[in-house]
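Throughout, protein chains are lettered first and strands after them, A, B, ... in sequence-line order, and every chain is numbered starting at 1. Just so we're clear, the structure is a prediction, and the values are computed from it rather than from any experiment.
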Amino acid sequence: MQLYDTLTRGRQELPPAPGPIRMYTCGPTVYQRIHIGNARPFVISMWLRRWLAERGYDVTLVENITDVNDKIYNAAPGHSAVLAAQASQWYIEDTEGLGLGRPDHEPKATETIPEIVALIEELVRDGYAYEAGGDVYFRVARFADYGRLSGQRPDQLEDDDPSPFKEDPRDFALWKATKEGEDTSWDSPWGRGRPGWHIECSAMAEKFLGPSFEIHLGGLDLVFPHHENERAQSQAAGREFARLWMHNGLLEFVGEKMSKSIGNVASLHDVIEEWGPETILVFFLTAHWSKPIDFSDETMAAAAARVEGFREVFRGPSEPAAAGEWERFQAALEDDFNTPEALAVMHGWRDHELLRRALDIFGLASLAERQDAPPEIVELARQRQEARAARDFDEADRLRAEIEAAGWEARDAADGFQLVPR
RNA sequence: GGCGCCGUGGCCGAGUGGUUAGGCAGAGGCCUGCAAAGCCUCGUACAGCGGUUCGAAUCCGCUCGGCGCCUCCA
């Protein structure tokens, strides 16, 4: 199995199965409902986990919830904790609605404070970090490999509004002293405060996966500074940390960037309501995980048509697939988890068993389920069949209209009729 | 200013030097009382300009266009 790795800018081979694959995915900061783009790393992580399990690996997936940071403080001055709790719940509910199950662990930053403090203490002790004004900063100059993940050149970094406490504008906060109006804080050797943004992931990854793990995932927009800083902290503290970095491409609205300030953000919650989970999953399947994907009525409608196409296969007879078909599907996924290619392979299948197995990898087994019409609709269809037999086509058409009005489509078949939801 | 990604037929989207991607939409046909579904047929695309090569969507350069990041956006 090969995957594209941001750090080495090339494909990396996963160790052969069986064996452990430990995955860490950067989850959301909870201050509002997540949008459809935020769902992408969750979906990709869950798919990859399912696939690796299918291939015989012992997979552990950790996806964190960031429930303390500036965004939350700003969104709910004075009661950020209430908002964070509410938004965490939304996040669980909304992703639950995708039908992909849950990661193995979903730690929250606020539940990992002791580990965070301990890690910072190590860094301070070894000279990789320093306390200043109640804050603690990472000393970027001490970490020679800084910038390798993101390709940023330290001397070119912009320097908008450096904290007066920093020795070097590139330094970043590991711990921040409590400020006026912040309603959550914890004790630390440096006084009351709360963790910086990046340190939590270093601490949570280690807590659940150990000092080194196989795959780190997250959105492309996290490469710098978030992941660069995670890596710097953990490696400075002597941990190997992530061996491979997968950064998913961002979701865009056609012709316009999705932006909260423009107000064109579609929440996962609303998109599930409008299109259903299957269409969302197939939509994500149509683009390679590492590339950007356009969200629009047109692209969603195309995904919905594919969903219907798969359902249609299960309404017909199962026809055994040719030998080697599963291997073609497998080869597509082993090749950098190429889901568009895998989709193309699946579209040729009429083998119910095989197709169901493939769909299940992506949380789409529901497409194989029969959709039975209620008895009263079946009765209408039966009457229509009688009318047709009597060649009373006016009555037959009237009944079809009635059936359609009830949300079903009557199809004539050689041996009777079929009812399909519309 | 710096780092990086991308530009394929109406739309989406695979494809890393030479054989049909696939899907959606569309056209015609078969089938049907009429339909639907299904099946068959139909599209020689690769931003532009140069270059390398027997041969390039695929390698190199430049240009144009879209996008991300540059200390707290997945």
Side-chain angles (χ1 to χ4, degrees), chain A residues 6 9 25-29 31 34-45 63 66 69-71 137-138 140 147 150-163 166 169-173 176 196-198 217-226 228-229 247-252 254-260 282-283 285-288 290-294 296 298-306 308-309 312-313 315-317 332 335 338-348 350 387-388 391-394 396-397 400 404 409-414 417-418 420 422:
Chain A
T6 305
R9 301 186 198 293
T25 302
C26 277
T29 296
Y31 62 105
I34 65 165
H35 61 66
I36 178 72
N38 293 318
R40 181 123 99 139
F42 177 88
V43 169
I44 290 166
S45 301
E63 181 158 353
T66 295
N69 84 9
D70 286 341
K71 292 198 153 223
Y137 294 96
F138 185 85
V140 168
S150 61
Q152 294 290 331
R153 283 164 43 191
D155 58 306
Q156 285 292 341
L157 295 180
E158 284 180 2
D159 177 18
D160 284 345
D161 183 27
S163 160
K166 290 183 183 180
R170 298 171 301 166
D171 293 350
F172 56 89
K176 302 176 93 164
W197 179 33
H198 320 293
L217 301 94
L220 199 55
D221 52 352
L222 293 184
V223 176
F224 192 90
H226 188 49
E228 190 70 67
N229 291 354
H247 287 107
N248 63 270
L250 304 183
L251 180 143
E252 295 160 11
V254 177
E256 192 173 53
K257 178 192 173 185
M258 171 149 51
S259 154
K260 284 153 198 146
V282 170
F283 163 71
L285 232 31
T286 60
H288 187 94
S290 66
K291 294 200 168 179
I293 185 168
D294 279 338
S296 68
E298 202 173 5
T299 55
M300 289 302 284
R306 286 189 196 249
E308 200 50 31
E312 201 60 52
V313 171
R315 290 178 190 131
D335 180 22
N338 190 335
T339 58
E341 180 69 28
L343 249 195
V345 172
M346 289 162 66
H347 271 297
R350 295 293 174 273
R388 289 185 66 233
R391 302 196 66 78
D392 182 354
F393 296 122
D394 287 346
D397 289 346
R400 170 160 45 210
E404 278 184 16
E409 175 185 308
R411 293 181 185 170
D412 301 330
F417 58 85
Q418 189 174 37
V420 177
R422 304 205 68 194

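- The distance between atom NE2 of A:His288 and atom C1' of B:C6, rounded to the nearest whole Å, is 13 Å.
- Side-chain to base pairing of A:Arg315 with B:A37: no donor and acceptor N or O lie closer than 3.5 Å to each other.
- Pair assignment for B:C3 gives B:G68, based on Watson-Crick or G-U wobble hydrogen-bonding distances that are each under 3.5 Å.
- Between the CG atom of A:Asp294 and the P atom of B:G7 there is a distance of 12 Å, given to the nearest Å.
- The partner of B:U58 cannot be assigned: no Watson-Crick or G-U wobble pair with both contacts below 3.5 Å exists in any strand.
- For B:G15, the OP1/OP2 oxygens have a side-chain nitrogen or oxygen of A:Asn338 closer than 4.0 Å.
- In this model, the phosphate group of B:G2 is not approached by any side-chain N or O of A:Arg170 to a distance below 4.0 Å at OP1 or OP2.
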Practice item. For A:Glu312 and A:Arg411, run salt bridge (Lys or Arg N to Asp or Glu O under 4.0 Å): C-alpha distance rounded to whole Å, both residues' side-chain angles, the deciding distance at 0.1 Å, then the answer. Key: CA-CA 12 Å; A:Glu312 201 60 52; A:Arg411 293 181 185 170; 2.5 Å; yes

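- A donor and an acceptor atom sit less than 3.5 Å apart, one in the side chain of A:Asp412 and one in the base of B:C34.
- Here, B:G43 and B:G9 have their C1' atoms 7 Å apart, quoted to the whole Å.
- A:Lys71 has a side-chain polar atom (N or O) that falls below the 4.0 Å cut-off from OP1 or OP2 of B:C73.
- Comparing A:Asp397 and A:Ser150 against RNA chain B, the residue whose closest nucleotide sits nearer the 5' end is A:Ser150.
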